[in-house]
Amino acid sequence: MTPPAGAPRLEARDLTFAYSHSSEPLLDGWSDDFHPGEIVALTGASGRGKSTLLYLLGLMVRPTSGSLLVDSVPMDALADAERAGIRAARIGFVFQDALLDASRTVLDNVLEPCLYRSEPRRPAEHRALALLARFGVEHRSASRPGQISGGQAQRIALCRALLNSPGIVLADEPTGNLDAASAAVVLAAFREAADGGATVVIATHDADLVARCDRRREL
């Protein structure tokens with residue numbers, strides 16, 4: 001899908017989300033537009049719904065009410081398999097705790113998006129190794145997640161998210177386990193993705209990262 005010229009890549013319309021019908025909504029009537037080429041910081045105190053909002057934007061959960069459009073196409077009525085296909089083709093997600101598969105090597109973890117796209121391994125492997133080298137963890141390609149540090153795991157999760165050059169990049173506290181130098185490399189990667197036309201949305205408490213985003217939305 002290619003968005004119409006000038007159209008938002010993501011459109012959230014009156015999103016409401018509650019964990020049950022009897023609980024108070026974590027998000028209540030939340031709306032915003034996210035455009036190609038911009039980096040947006042989602043900020044707010046812990047428990048305000050930043051991670052949940054990323055899961056909604058990433059089509060991982062459905063809103064209690066409201067609607068979400070990706071490249072001007074409504075997502076709400078789509079079957080789960082269709083939503084999964086869009087996630088695989090269009091969205092890269094960096095989870096807060098990396099969520100690497102402990103039973104697989106680092107390289108296989110980075111290559112995971114190719115499984116959902118039915119892409120041949122060999123060309124994807126070249127891209128994966130190049131990303132691992134860019135983020136200084138290529139020497140860990142044959143390691144298991146239990147053998148690496150938290151900071152390395154977060155950089156590897158970023159490699160996985162960027163492998164297919166997605167049009168939408170969603171990241172949950174991507175610099176939380178990184179030193180300043182590594183965080184700067186990660187931010188440069190987000191900026192490069194945005195300069196290439198991607199929409200980047202980051203949930204973060206990192207004041208320096210927020211200052212370098214194009215705009216901030218506080219929850």
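On a predicted model such as this, the values are computed, not experimentally measured, just so you know.
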Is the shortest side-chain N to carboxylate O distance from [X] to [Y] below 4.0 Å?
X      : Y      : result
Asp33  : Arg9   : no
Arg217 : Asp32  : yes
Arg144 : Asp101 : no
Arg140 : Glu138 : no
Glu119 : Arg127 : yes
Arg87  : Glu82  : no
Asp76  : Arg62  : no

Do [X] and [Y] share a hydrophobic cluster (ILVMFWY, side-chain heavy atoms under 4.5 Å, transitive)?
X      : Y      : answer
Leu187 : Val40  : no
Leu115 : Leu129 : no
Val94  : Leu209 : yes
Leu69  : Leu10  : no
Leu59  : Val169 : no

Can you find a heavy atom in the side chain of [X] that is under 4.5 Å from one in the side chain of [Y]?
X      : Y      : value
Ile156 : Val110 : yes
Phe135 : Leu162 : yes
Leu107 : Leu111 : yes
Pro63  : Leu68  : no

May I ask you to check whether over 12 heavy atoms, not counting those of Arg212, lie within 6.0 Å of atom CZ? no

Distance in Å, [X] [atom1] paired with [Y] [atom2], rounded so as to fall on 0.5 Å steps:
X      : Y      : atom1 : atom2 : answer
Asp214 : Ile39  : CG    : CD1   : 5.5 Å
Leu56  : Leu15  : CG    : CG    : 6.0 Å
Thr105 : Asn109 : OG1   : CG    : 7.0 Å
His126 : Leu131 : NE2   : CG    : 13.5 Å
Leu100 : Gln152 : CG    : CD    : 11.0 Å

I'd like to know if the side chain of Thr16 reaches the main chain of Ser65, judged simply by a donor and an acceptor atom lying under 3.5 Å from each other, with no hydrogens or angles considered. no

Distance-only, no hydrogens or angles: does the Arg160 side chain make a donor-acceptor pair with backbone N or O of Ala98 under 3.5 Å? yes

Sequence-distant partners of Glu125, side-chain hydrogen bond (donor to acceptor under 3.5 Å, both in side chains), two or more places apart: Arg121

Check side-chain hydrogen bond (donor to acceptor under 3.5 Å, both in side chains) between Asp97 and all other residues, then give those that pass, not counting sequence neighbours. none

Would Tyr55 and Phe17 count as a close aromatic pair, with their ring centres under 6.0 Å? no

Output, in order, the C-alpha distance, side-chain angles, deciding distance and verdict of side chain to side chain donor-acceptor pair (under 3.5 Å) for Tyr19 and Thr64. CA-CA 9 Å; Tyr19 285 105; Thr64 304; over 6 Å; no

As a quick check of understanding, evaluate side chain to side chain donor-acceptor pair (under 3.5 Å) for Arg216 and Thr43, giving each step before the final call. CA-CA 7 Å; Arg216 171 182 180 176; Thr43 63; 2.9 Å; yes

Mind running salt bridge (charged side-chain N to carboxylate O under 4.0 Å, His left out) on Glu192 and Arg134 for me, showing each step along the way? CA-CA 13 Å; Glu192 181 179 306; Arg134 176 177 180 177; 3.2 Å; yes

